[in-house]
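On a predicted model such as this, the values are computed, not experimentally measured, just so you know. Values reported hereafter were calculated over all heavy atoms of this structure, with side chains retained and with hydrogens, waters and symmetry mates removed.
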Amino acid sequence: MMRYTESLQKAGVLLALDGLHPPSMGARVSFSCGKPDVTDGPFTEAKEVLGGYWMIQVKSKEEAVEWAKRCPASDNEMIEVRQVQEFEDFTPEVQKAGRKEPALGEQLKQGQAS
């Protein structure tokens, strides 16, 4: 697994990676009628558990899938490939509201500049 991570890094596509503690150490916050409800782990109804992630920057979903296929995963492990939402992915109304928030607006400017 270290060699795989090193190959992502050497290719210049790795942005971030982290392992996660098991659900038994976590909590879930759900909302009903506008009020938060906290449930400490473990979660008996959990069928799939996120154990960690790699965040990579590539040109296409196909390229991301190719990287995922190279992972030396064990039997019954799964990698889910998902794209991070960009500012332009949101509706015009959400973009307009986001521009009104100074801190968010600054983050958006930095993101669009890169």
**Asked** What do the steps show when you test Asp18 against Trp54 for side chain to side chain contact (heavy atoms under 4.5 Å, CB included), and what is the final call?
**Response** CA-CA 7 Å; Asp18 277 303; Trp54 292 277; over 6 Å; no
**Item:** Glu66/Lys69 under salt bridge (Lys or Arg N to Asp or Glu O under 4.0 Å): CA gap, chis, key distance, verdict
**Value:** CA-CA 5 Å; Glu66 286 303 314; Lys69 288 165 54 176; 3.1 Å; yes
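In this structure, CE in Met78 is found 13.0 Å from SG in Cys71, a value given to the nearest 0.5 Å. In this structure, CZ in Arg28 is found 12.0 Å from CG in Asp37, a value given to the nearest 0.5 Å. Note that CG of Leu8 and CG of Leu17 are 8.5 Å apart. Values are rounded to the nearest 0.5 Å.
A salt bridge does not link Glu93 to Lys96: none of the charged side-chain nitrogens sits closer than 4.0 Å to a carboxylate oxygen.
In this structure, the side chain of Gln9 does not engage the main chain of Thr5 through any donor-acceptor pair within 3.5 Å. The closest donor-acceptor contact from the side chain of Gln95 to the backbone of Phe90 lies under 3.5 Å.
Nearest heavy-atom pair across Gln57 and Leu15 is CB-CD1, 3.7 Å. The two atoms that bring Ala64 and Val81 nearest to each other are CB-CG1, 3.7 Å, heavy atoms only. Nearest heavy atom pair, residue Ala68 against residue Ile79, reads O-CD1, 3.7 Å.
Heavy-atom neighbours of Met2 CE from other residues, nucleotides or ligands within 6.0 Å: at or below the threshold of 12. Within a 6.0 Å radius of CD in Gln83, other residues, nucleotides and ligands contribute 12 heavy atoms or fewer.
Between Pro42 and Met25, the closest side-chain pair of non-hydrogen atoms is not below 4.5 Å. Considering only heavy atoms from C-beta on, Val65 stays 4.5 Å or farther from Trp67 through its side chain. Residues Lys10 and Ser7 fail the side-chain proximity criterion, which asks for heavy atoms closer than 4.5 Å.
Hydrophobic cluster membership is shared by Val13 and Tyr4, with clusters built from Ile, Leu, Val, Met, Phe, Trp and Tyr side chains linked at under 4.5 angstrom. A continuous path of Ile, Leu, Val, Met, Phe, Trp and Tyr side chains, each step under 4.5 Å between heavy atoms, connects Met1 with Ile56, placing both in one hydrophobic cluster.
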